[in-house]
Amino acid sequence: AQTVTQSQPEMSVQEAETVTLSCTYDTSESDYYLFWYKQPPSRQMILVIRQEAYKQQNATENRFSVNFQKAAKSFSLKISDSQLGDAAMYFCAWLRQGGSEKLVFGKGMKLTVNP
Amino acid sequence: NAGVTQTPKFRILKIGQSMTLQCTQDMNHNYMYWYRQDPGMGLKLIYYSVGAGITDKGEVPNGYNVSRSTTEDFPLRLELAAPSQTSVYFCASSYKGRRTEAFFGQGTRLTVV
């Protein structure tokens, strides 16, 4: 079974600094997607960034970027110039491409941004 | 743009009662999911559907039932509610294809007392 592991339950960062959230996953599939979702106190799940496994280039969305290491099955999220609004729970998720697609989530990590 | 709409947002049930959590999406997505999120935990898949008339179990299906009679609607039924079902429930949908981002509803906070 596919699993997604976020080993750090909590992290904190100073405003304007950079922080990296780690995620590892276990799968025998070769074609899949990886996602980082943000969940602020409002409870809404918001997609932060997406990475297709077949792409070697790391995805980037403004201040958010990933370090995707397919062989190591690692998918970390880097947040640059952290802002107070980045404070939230962050979830790493895996999705198989094709066939029966089930989105599998990690346990999440709480990010605190200190002013 | 309604996206994924869940009702109700909050509900308190007594042990043994039943209820249906409603979920509807207007994006013509073929995939729909129900997740539960317990405090301090990630999302666990309860049931999912790859299209109208097709449903399948996720990780934690016991105590729940679903149906998918239309593309838009994917209700989750709780029969004989138990305290262990106290959780936040999320419905999500996605479109099978190369850009398979899942869109989530606002969640339903359910308390069983």
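In what follows, chains are A, B, ... by sequence order, proteins preceding strands, each numbered from 1.
- A salt bridge links Arg63(A) with Asp86(A); the closest basic N to acidic carboxylate O contact falls under 4.0 Å.
- Using a 4.5 Å cut-off between heavy atoms, Gln39(A) contacts chain B through its side chain alone, with no backbone atom that close.
- For chain A, the nearby part of Gln37(B) is the side chain; its heavy atoms alone come within less than 4.5 Å.
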Contacts table for residues 73-81 of chain B: side-chain donor-acceptor under 3.5 angstrom, sequence neighbours left out:
| residue | atom | partner | partner atom | Å |
| --- | --- | --- | --- | --- |
| Asp73(B) | OD1 | Thr24(B) | OG1 | 2.8 |
| Asp73(B) | OD2 | Thr70(B) | OG1 | 3.2 |
| Arg77(B) | NE | Glu79(B) | OE2 | 3.1 |
| Arg77(B) | NH1 | Thr20(B) | OG1 | 3.0 |
| Glu79(B) | OE1 | Ser18(B) | OG | 3.3 |

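- Only the side chain of Leu45(B) comes within contact range of chain A, judged by heavy atoms closer than 4.5 Å.
- Ring-centre distance between Tyr33(B) and Phe104(B): not below the 6.0 Å cut-off.
- Phe75(A) does not carry Arg50(A) over the face of its six-membered ring by the limits of under 6.0 Å from the centre and within 45° of the normal.
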